[in-house]
Amino acid sequence: FDKETQRKHLENIRPLAIAAKHRKKERESLEITKKIREEFSSFPTNDKSVGKTVLAVLYWAEGAKHEGVSGLRFVNTDPKLLKLYITLLRKCFTIEEQKFWVRLHLHYYHKIKSTRRYWADLLGIPESRFAHVYIKKRSRHKRFRKNFKGICFVTYNDSSIRKDLLTLG
């Protein structure tokens with residue numbers, strides 16, 4: 001091969017290699033998903049003590065633990081993790097919905113109304129329980145992750161639940 005022939009060959013073969021890598025990655029992802037579903041099919045999801053344990057682990061990972069905090073404060077950007085947290089909280093404890101508060105930290109490119117609606121629908125918390133939306137000032141020209149919905153702070157004003165979770169962890 002001379003250099004020009006080799007370059008043309010690489011131009012032709014690279015898209016095929018990329019497509020093959022994508023197919024392999026998707027196959028591996030499907031296999032992992034199937035394996036996890038099989039492993040967790042017998043997981044006692046209705047057992048309240050298991051739910052509290054998972055909730056405590058989540059809170060230890062992403063909840064506010066410093067002394068000045070009253071109640072529970074959970075912060076994350078991942079909608080699935082926030083949905084899991086709030087679902088377990090409602091399932092494992094007697095919750096007074098009016099004790100919830102949500103605060104969002106968004107970037108310049110977020111549409112405030114639609115983002116508030118997104119989080120309200122996802123978490124099952126009415127928009128009337130949302131505090132002022134904070135628009136982050138940094139990176140005015142840079143977009144972050146695709147489908148990024150901002151940083152969501154969920155506060156539940158009950159220190160006894162916080163003590164329970166921190167004791168469990």
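Any value given below was found using the heavy atoms of this structure, including those in side chains, with hydrogens, waters and symmetry copies removed.
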Can you list, pair by pair, the side-chain donor-acceptor contacts under 3.5 Å of residues 20-28, counting residues two or more places apart and other chains?
none

Identify all side-chain donor-acceptor contacts of residues 79-88 below 3.5 Å with residues at least two apart in sequence or on another chain.
from, atom 1, to, atom 2, distance (Å)
Lys83, NZ, Leu122, O, 3.1
Thr87, OG1, Lys83, O, 2.7

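Tyr134 and Phe130 are not part of a single hydrophobic cluster, where members link through side-chain heavy atoms under 4.5 Å apart. Hydrophobic clustering (ILVMFWY, side-chain heavy atoms < 4.5 Å, transitive): Tyr118 and Trp101 are in distinct clusters. Under the 4.5 Å side-chain heavy-atom criterion for Ile, Leu, Val, Met, Phe, Trp and Tyr, Val133 and Trp119 are members of the same hydrophobic cluster.
Taking each heavy atom of Phe153 and Arg73 in turn, the nearest pair found is CD2-CD, 4.4 Å. Of all heavy-atom pairs between Phe148 and His110, the closest is O-NE2, 2.9 Å. The two residues Lys136 and Ile151 make their nearest non-hydrogen contact at NZ-CD1, 3.7 Å. Scanning all heavy atoms of the two residues, the minimum distance from Lys52 to Leu165 falls at O-CD2, 4.2 Å. Closest of all the heavy-atom pairs between Gly150 and Leu106 is CA-CD2, 3.8 Å. In terms of heavy-atom proximity, Gly71 sits nearest to Ser159 at N-OG, 3.0 Å.
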Show your working on salt bridge (charged side-chain N to carboxylate O under 4.0 Å, His left out) between Lys34 and Glu31 and close with a plain yes or no.
CA-CA 5 Å; Lys34 182 181 174 188; Glu31 287 173 17; over 6 Å; no

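To the nearest 0.5 Å, atom NZ of residue Lys163 and atom CG of residue Asp158 are 9.5 Å apart. Atom NE2 in His132 sits 10.5 Å away from atom CG in Leu104 (nearest 0.5 Å). Summarising the geometry, atom CD belonging to Gln6 is positioned 12.5 Å from atom CD1 belonging to Ile13; distances are rounded to the nearest 0.5 Å. The CD1 atom of Ile135 sits 4.0 Å away from atom CD1 of Ile112, with the distance rounded to the nearest 0.5 Å. Note that CG of Leu55 and CD1 of Ile161 are 8.5 Å apart. Values are rounded to the nearest 0.5 Å.
The number of heavy atoms from other shown groups lying within 6.0 Å of NZ (Lys65) is above 12.
The list of salt bridge (Lys or Arg N to Asp or Glu O under 4.0 Å) pairs with a residue in residues 108-117, not counting sequence neighbours, reads Arg116-Glu127, Arg117-Asp121, Arg117-Glu127. Each salt bridge (Lys or Arg N to Asp or Glu O under 4.0 Å) pair with one or both residues in residues 92-106, not counting sequence neighbours, appears once here: Arg90-Glu97, Glu96-Lys99.
Under the rule for a side chain to side chain donor-acceptor pair (under 3.5 Å), the partners of Ser49 that lie at least two apart in sequence or sit in another chain are Asp47. Phe93 meets the ring pair (Phe, Tyr, Trp, His ring centres under 6.0 Å) test with no other residue; sequence neighbours excluded.
Taking 4.5 Å as the limit, every side-chain heavy atom of Arg162 sits out of range of all side-chain heavy atoms of Tyr156.
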